[in-house]
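Scroll down for the structure; my scribbles are underneath it.
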Amino acid sequence: MTTDSIPVQTADARPAVAKKARKGTPSGGRRRQLFRHPGAGRQHHAGPVAYILLGIAALFSLFPLYWTMVAASSDNTRVTQTPPPFLPGPHLLENLGKAWQDAALGKAMLNSLIVAGVIALSTVLFATLAGFAFAKLRFKGRNILLMLVIGTMMVPPQLGVVPLFMMMTELGWGQKLPAVIFPTLVSAVGVFFMRQYLSEALPDELVEAGRVDGAHSLRIFWSIVLPIARPPMAVLFMITFVHAWNDFFWPFIVLDMTNPTVPVALTQLSAGYVRDQSLIMAGALLGTLPLLALFIVFGRQIVGGIMQGAVKG
Amino acid sequence: MAISTSTPPDGAPGIGAERQRRRTLLHRLDVRGAPYAFVAPFFVVFAAFSFYPLIYTSWISLHRVELSTLNLMEWVAFDNYTALWDDDRFWNALFNTFTIGVLSTVPQLLMALGLAHLLNYRLRGSTFFRVAALTPYATSVGAAALVFTMLFERDFGMINWMLSLFGVDNIDWENNKWAAQTAISSIVIWRWTGYNALLYLAAMQAIPRDRYEAAAIDGASRWQQFLKVTVPGIRSTIVFTIVLSTIGATQLFGEPLIFGQGPNGITGGADNQYQTLGLLLYEEGWKNYQMGRAATVAWAMFLVLILVFVVQRIVKRVLARRA
């Protein structure tokens with residue numbers, strides 16, 4: 001595996017003005033700098049000790065997931081024996097099938113897919129709109145509003161659950177997906193993330209050029225901002241998707257077992273009096289698989305996105 | 001990509017001056033108004049589903065409201081607050097939230113710092129190590145808590161088996177207060193260490209290299225460079241992660257709930273030995289059906305958070321003065 005940076009849009013996707021402006025810079029210009037080469041600040045070559053420690057860290061990270069798979073593929077007697085099994089057993093498909101039925105995971109997955117998909121889409125759209133405004137448009141109260149956005153990051157939504165629950169009941173959304181979707185349609189972190197990106201990656205001249213040509217704001221957003229913002233939008237989408245898929249507190253309160261999301265459905269598995277361990281693990285594995293797949297395919301991008309969103313210095 | 005579509009959609013052919021005037025007007029309207037339209041969705045949704053409920057919580061906390069009859073609110077003034085103050089479960093939950101918070105946040109951030117330092121070396125396969133470190137972050141609270149509950153099982157759990165190899169007797173992770181809190185903290189640590197490590201790594205890579213060179217010339221060892229260059233260089237990120245983890249810790253809910261396996265989860269164990277404020281809020285509202293009291297707990301959580309921010313600001317100022 002190489003240590004390349006996030007694959008950003010290549011130059012031809014960039015508007016002509018930007019290309020001209022960055023003629024001197026090799027491969028990528030400002031946008032590439034933002035997704036900086038991972039090794040930019042590194043100091044020393046790693047020695048064997050560093051590799052061993054990193055190996056242990058990787059083992060700690062991955063072992064519980066591996067063991068979920070081991071337990072999910074065993075029967076109960078095998079799971080509960082001492083010493084515990086370390087290799088997968090033969091019952092994987094059987095257990096997965098049983099968990100799928102017992103925890104109504106089919107419905108839960110569809111629900112989670114809808115919830116996470118809608119939330120991620122709307123978060124990305126609204127965050128890009130607002131991020132563009134905060135980064136490149138001048139308007140009264142901009143700084144105060146931006147401070148407000150940052151301030152809202154500090155307010156955990158959990159503090160309003162009681163009235164929120166009452167609101168949802170009144171709206172007739174109790175146990176329904178809109179109750180989960182609406183409160184999380186936007187994200188302050190997302191707005192901030194897109195603002196940071198666009199203030200660096202979108203040259204002022206380009207917006208000005210659009211204005212001179214007579215394009216109105218939405219047109220500028222559509223034709224200039226969106227193409228440039230595609231890479232961070234993809235990252236924000238994935239991060240938001242992961243968060244929304246895993247969200248627990250509010251869905252647990254407002255949904256019930258007849259219409260759960262995956263994390264809510266999983267609690268059902270462990271709540272019974274008879275605890276079928278391999279079944280529980282099969283459920284946990286099923287609930288995690290979609291996101292693991294996402295990580296295997298887009299892991300590097302998600303890592304890059306989180307690092308890019310970090311507060312530096 | 002065509003920026004050159006210069007005619008606005010409203011630019012119907014008309015008499016020059018009139019058209020020009022309308023155009024400038026529309027243009028000015030667009031320039032003035034569009035920014036607000038662009039940021040509006042965020043603020044509208046936030047106001048409706050976060051800010052308004054947050055304020056309304058305080059109003060509800062002054063009432064007696066039952067889950068079954070949400071529209072009947074009986075004014076009780078500060079009764080809910082005095083009742084909460086006199087309730088042992090509240091102080092217990094507050095204390096548990098604090099201890100589990102410390103048990104999970106401190107090791108988590110220290111380990112993240114070490115991990116970030118290792119990832120900052122010139123590495124082969126660095127992408128693999130980064131993705132591996134972040135994988136637990138993709139695991140839902142539900143799945144993670146289920147797996148760890150099993151690993152911490154008293155009779156056949158893997159942790160007890162490994163400890164038994166070192167001659168340690170079986171630990172009853174669920175019923176022993178400190179053991180349970182340690183186990184719950186380990187779920188949090190597992191899920192979030194890699195995430196924090198990546199935040200640190202990003203900050204570390206922004207430290208100018210010549211600082212290390214200067215330190216090396218001055219004869220600083222690698223450990224000294226780490227303490228004197230790296231850690232001060234990422235101070236604001238450290239503060240940021242402390243704030244984030246603290247907010248996370250005050251809301252701790254899913255981990256203890258699932259660790260308690262069913263009915264015991266809501267009360268945080270048979271003796272409330274690991275009941276957090278989040279669980280208490282849920283118990284008051286959705287198990288005891290007292291929404292007013294639940295709102296009071298929410299306010300208590302809010303006050304705790306404010307207190308944390310004040311302390312954090314003081315710490316930040318002290319740190320800044322030292323530097």
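We name chains A, B, ... by the order of the sequence lines, and we start the count at 1 in each one.
With a 4.5 angstrom heavy-atom cutoff, A:Ser187 touches chain B only via backbone atoms. For A:Met166, the parts lying near chain B are the backbone and the side chain together; criterion is any non-hydrogen pair under 4.5 Å. Proximity to chain B (any heavy atom under 4.5 Å) is shown, for A:Ala50, by both the backbone and the side chain. Contact of A:Val262 with chain B is not made at all, since no heavy-atom distance falls under 4.5 Å. When heavy atoms are compared at a cutoff of 4.5 Å, A:Thr80 approaches chain B by way of both its backbone and its side chain. Looking at A:Leu286, neither its backbone nor its side chain comes within 4.5 Å of chain B, counting heavy atoms on both sides. For A:Leu292, the part lying near chain B is the side chain, with the backbone staying farther off; criterion is any non-hydrogen pair under 4.5 Å. Both the backbone and the side chain of A:Thr152 come within contact range of chain B, each with at least one heavy atom under 4.5 Å from a heavy atom of that chain. Contact of B:Leu281 with chain A is made through the side chain alone, with heavy-atom distances under 4.5 Å. With a threshold of 4.5 angstrom between heavy atoms, B:Leu134 approaches chain A through its backbone and through its side chain. Only the side chain of B:Ile247 comes within contact range of chain A, judged by heavy atoms closer than 4.5 Å. With a threshold of 4.5 angstrom between heavy atoms, B:Leu67 approaches chain A through side-chain atoms but not through N, CA, C or O. For B:Val239, no part sits under 4.5 Å from any heavy atom of chain A, backbone or side chain. Contact of B:Leu244 with chain A is not made at all, since no heavy-atom distance falls under 4.5 Å. For B:Val44, no part sits under 4.5 Å from any heavy atom of chain A, backbone or side chain. Neither the backbone nor the side chain of A:Met238 comes within less than 4.5 Å of any heavy atom in chain B. No part of A:Leu294 comes within reach of chain B, as not one of its non-hydrogen atoms sits under 4.5 angstrom from that chain. Looking at A:Val264, neither its backbone nor its side chain comes within 4.5 Å of chain B, counting heavy atoms on both sides. Both the backbone and the side chain of A:Leu129 come within contact range of chain B, each with at least one heavy atom under 4.5 Å from a heavy atom of that chain. In this structure, chain A has no heavy atom under 4.5 Å from any part of B:Ala145. At a 4.5 Å heavy-atom cutoff, A:Ala127 makes no contact with chain B through either its backbone or its side chain. For a residue to count as touching a neighbouring chain, one of its non-hydrogen atoms must lie under 4.5 Å from one of that chain's; by this rule A:Phe298 does not touch chain B.
When ring centroids are compared, B:Trp286 and A:Phe165 come within the 6.0 Å threshold. The aromatic ring centroids of B:Trp190 and B:Phe148 lie less than 6.0 Å from each other.
Taking the six-membered ring where tryptophan is involved, the planes of A:Tyr51 and B:Phe129 are tilted, since the angle between them lies from 30° to 60°.
Taking CD1 of A:Ile220 as the start and CG of A:Leu206 as the end, the distance is 9.0 Å to the nearest 0.5 Å. In this structure, CG on A:Leu54 lies 10.5 Å from CZ on B:Arg130, to the nearest 0.5 angstrom. Rounded to the nearest 0.5 angstrom, B:Asn196 CG and B:Ile189 CD1 are separated by 11.0 Å.
In terms of heavy-atom pairs under 4.5 angstrom with chain B, the leader among A:Gly131, A:Gly299, A:Ala130, A:Gly283 is A:Ala130. Per-residue heavy-atom pair counts under 4.5 Å with chain A were compared for B:Gly285, B:Pro53, B:Ala298, and the maximum is reached by B:Pro53. For chain B, the option among A:Leu185, A:Val212, A:Leu145 with the highest count of heavy-atom pairs below 4.5 Å is A:Leu145. Highest contact tally toward chain A, considering only B:Ala34, B:Gly114, B:Pro35, is held by B:Pro35 [criterion: heavy-atom pairs under 4.5 Å]. For the options B:Ala143, B:Ala138, B:Pro208, heavy-atom pairs under 4.5 Å to chain A are most numerous at B:Ala138. Your options are A:Lys140, A:Gln81, A:Glu170, A:Arg138, and the one with the most heavy-atom pairs under 4.5 Å with chain B is A:Lys140. Taking chain B as the reference chain and counting heavy-atom pairs below 4.5 Å, the highest number among A:Thr128, A:Leu53, A:Val149 is found for A:Val149. Ranked by heavy-atom pairs under 4.5 Å with chain B, the first of A:Leu159, A:Val161, A:Leu291 is A:Leu159. Interface check for chain B: of the options A:Ala46, A:Pro163, A:Gly160, the most heavy-atom pairs under 4.5 Å are formed by A:Pro163. No other option in B:Ala294, B:Gly142, B:Pro136 has as many heavy-atom pairs under 4.5 Å with chain A as B:Pro136. The greatest number of non-hydrogen atom pairs below 4.5 Å with chain A, out of B:Val31, B:Val147, B:Val141, is found for B:Val147. If you tally non-hydrogen atom pairs under 4.5 Å between each of B:Tyr52, B:Trp59, B:Tyr137 and chain A, the highest count goes to B:Tyr137.
B:Glu255 pairs by the salt bridge (Lys or Arg N to Asp or Glu O under 4.0 Å) definition with B:Arg191, not counting sequence neighbours. Partners of A:Phe252 by ring-ring contact (aromatic ring centres under 6.0 Å, His included), not counting sequence neighbours, listed by chain and number: A:Phe248, B:Phe253, B:Tyr282.
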side-chain contact (heavy atoms from CB on, under 4.5 Å) evaluation trace for A:Leu164 with A:Met168: CA-CA 6 Å; A:Leu164 204 55; A:Met168 293 308 169; 4.2 Å; yes
Working for side-chain contact (heavy atoms from CB on, under 4.5 Å), residues A:Asp213 and A:Arg211: CA-CA 5 Å; A:Asp213 281 351; A:Arg211 287 252 186 261; over 6 Å; no
Worked verdict on B:Met150 versus A:Ile280 for side-chain contact (heavy atoms from CB on, under 4.5 Å): CA-CA 9 Å; B:Met150 205 166 162; A:Ile280 293 174; 5.9 Å; no
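Residues A:Phe126 and B:Phe42 fail the side-chain proximity criterion, which asks for heavy atoms closer than 4.5 Å.
Under a cut-off of 6.0 angstrom, the local environment of OH in B:Tyr36 is crowded, with over 12 non-hydrogen atoms contributed by other residues, nucleotides or ligands.
For the residue pair B:Gly233 and B:Ile207, the shortest heavy atom distance occurs at CA-CD1, 4.0 Å.
Counting only distance, with no hydrogens or angles, the side chain of B:Gln290 and the backbone of B:Gly292 share no donor-acceptor pair below 3.5 Å. Side chain of B:Thr250 to main chain of B:Thr246: a donor-acceptor pair is present (N/O by atom type, distance under 3.5 Å, no hydrogens or angles).
Between the side chains of B:Tyr212 and B:Thr230, at least one donor-acceptor pair of N or O atoms lies under 3.5 Å. Using modelled atom types and a 3.5 Å distance limit, the side chains of B:Asp30 and A:Ser217 yield a donor-acceptor pair. Remark: the B:Thr237 side chain and the B:Tyr200 side chain contain no N/O donor-acceptor pair separated by less than 3.5 Å.
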